[in-house]
Amino acid sequence: LASSFKNVSKPDVSNILKIMSNLISEYDCQLADVEPIFVETAKLLQTFTEKGLRLAAVSIISSIAAKFLEFTYISNLVADLNSYSTKRMHEYDFPRILSAFEQFCEKDYASLSDIQWLPVLHTCLFYIKDEEELALRTNATHCLTRFVDFSNDKPSEADAHTSVKY
């Protein structure tokens, strides 16, 4: 998806993502039908830097979670990890983000499936590139080490390989 949006204006990309979110909400489908959308949307969280685009990508994940309850936790987590302050424009909601990182990295990281890790991984890869926010870089790095732990805890090398196939 990200490469598809290369020559499209940001407001148009935002509108496209919002339309996709609404369509998913109304679409009578199986998880296999929207899984590729979930995977590609997760990748957008690594590349989109603008607040509106990130929130529109989170909205797509939320629409999928509304249809498939196994994605409810990850939807809420991704919304927390990509939250913005309600008091200051374009500023992260640090208490919410850092609390989400702490809860996830200390308690919940081992409970996700391989595919559910994707939006978390791509959000972390986004935050690692943020030169201004040390707290986000540090927490994102810690979260990525938890993914390594998650992969290493798999019973076999083949099972661990599925964690990184996406």
Side-chain angles (χ1 to χ4, degrees), residues 1-29 31 33-105 108-109 112-113 115-144 146-147 166:
L1 277 177
S3 63
S4 300
F5 293 140
K6 196 171 190 169
N7 296 320
V8 180
S9 72
K10 289 179 173 83
D12 289 343
V13 172
S14 181
N15 288 335
I16 291 167
L17 294 175
K18 289 174 186 174
I19 290 168
M20 285 178 60
S21 179
N22 289 332
L23 288 172
I24 291 168
S25 297
E26 301 298 322
Y27 185 40
D28 184 22
C29 60
L31 179 57
D33 298 328
V34 294
E35 187 174 298
I37 296 170
F38 182 86
V39 170
E40 292 302 316
T41 301
K43 292 176 185 177
L44 296 176
L45 292 171
Q46 181 178 345
T47 57
F48 285 169
T49 58
E50 295 80 12
K51 175 182 176 180
L53 296 178
R54 295 187 67 73
L55 294 178
V58 169
S59 176
I60 291 174
I61 292 171
S62 296
S63 292
I64 292 171
K67 296 186 89 48
F68 303 99
L69 298 181
E70 62 266 35
F71 287 93
T72 301
Y73 171 78
I74 197 63
S75 172
N76 292 332
L77 175 64
V78 169
D80 289 344
L81 291 176
N82 291 281
S83 61
Y84 288 84
S85 174
T86 56
K87 296 176 183 168
R88 294 185 179 205
M89 190 180 253
H90 303 295
E91 185 173 302
Y92 298 121
D93 185 346
F94 285 100
R96 188 172 163 195
I97 293 170
L98 297 177
S99 175
F101 268 126
E102 180 182 16
Q103 173 71 27
F104 179 71
C105 290
D108 300 335
Y109 75 94
L112 296 186
S113 69
I115 193 170
Q116 290 171 327
W117 262 97
L118 288 176
V120 177
L121 290 174
H122 288 287
T123 298
C124 289
L125 292 171
F126 169 76
Y127 282 140
I128 281 179
K129 296 183 289 185
D130 191 327
E131 296 176 2
E132 296 177 15
E133 302 299 344
L134 178 62
L136 296 180
R137 283 196 318 271
T138 302
N139 278 277
T141 301
H142 181 61
C143 192
L144 291 174
R146 286 302 194 189
F147 178 70
Y166 291 104

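Residues: numbered from 1 along the sequence shown.
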Closest approach of [X] and [Y], non-hydrogen atoms and distance?
X	Y	answer
C143	F101	CB-CE2, 3.9 Å
A56	L17	CB-CB, 3.7 Å
I61	T41	CG1-CG2, 4.0 Å

Hey, is the main chain of [Y] close enough, under 3.5 Å, to the side chain of [X] for a donor-acceptor pair?
X	Y	value
S14	K10	no
Q116	S113	yes
K67	Y27	yes
T72	L69	yes
R137	I128	no

Practice prompt. For atom CD of E102, decide whether the heavy atoms of other residues, nucleotides or ligands shown that lie under 6.0 angstrom number more than 12.
Written response: no
Within-4.5 Å side-chain heavy-atom neighbours: [X] and [Y]:
X	Y	answer
C29	F68	yes
V39	L118	yes
W117	R146	yes
L136	L98	yes
L112	Y73	yes
F71	L31	yes
V58	L81	no

Fill in: C124 side, atom SG; L144 side, atom CG - distance, nearest 0.5 Å
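Taking SG in C124 and CG in L144, the distance rounds to 4.5 Å.
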Worksheet item: How many angstroms lie between CD1 in I24 and CD in E26, if you round to the nearest 0.5 Å?
Response: 11.5 Å
Fill in: Pairs meeting criterion side chain to side chain donor-acceptor pair (under 3.5 Å) with involvement of residues 81-90, two or more places apart
R54-N82, N82-T123
Item to complete: State yes or no: are the ring centers of Y92 and Y127 separated by less than 6.0 Å?
Response: yes
Worksheet item: Between F126 and F48, is the gap from one ring center to the other below 6.0 Å?
Response: no
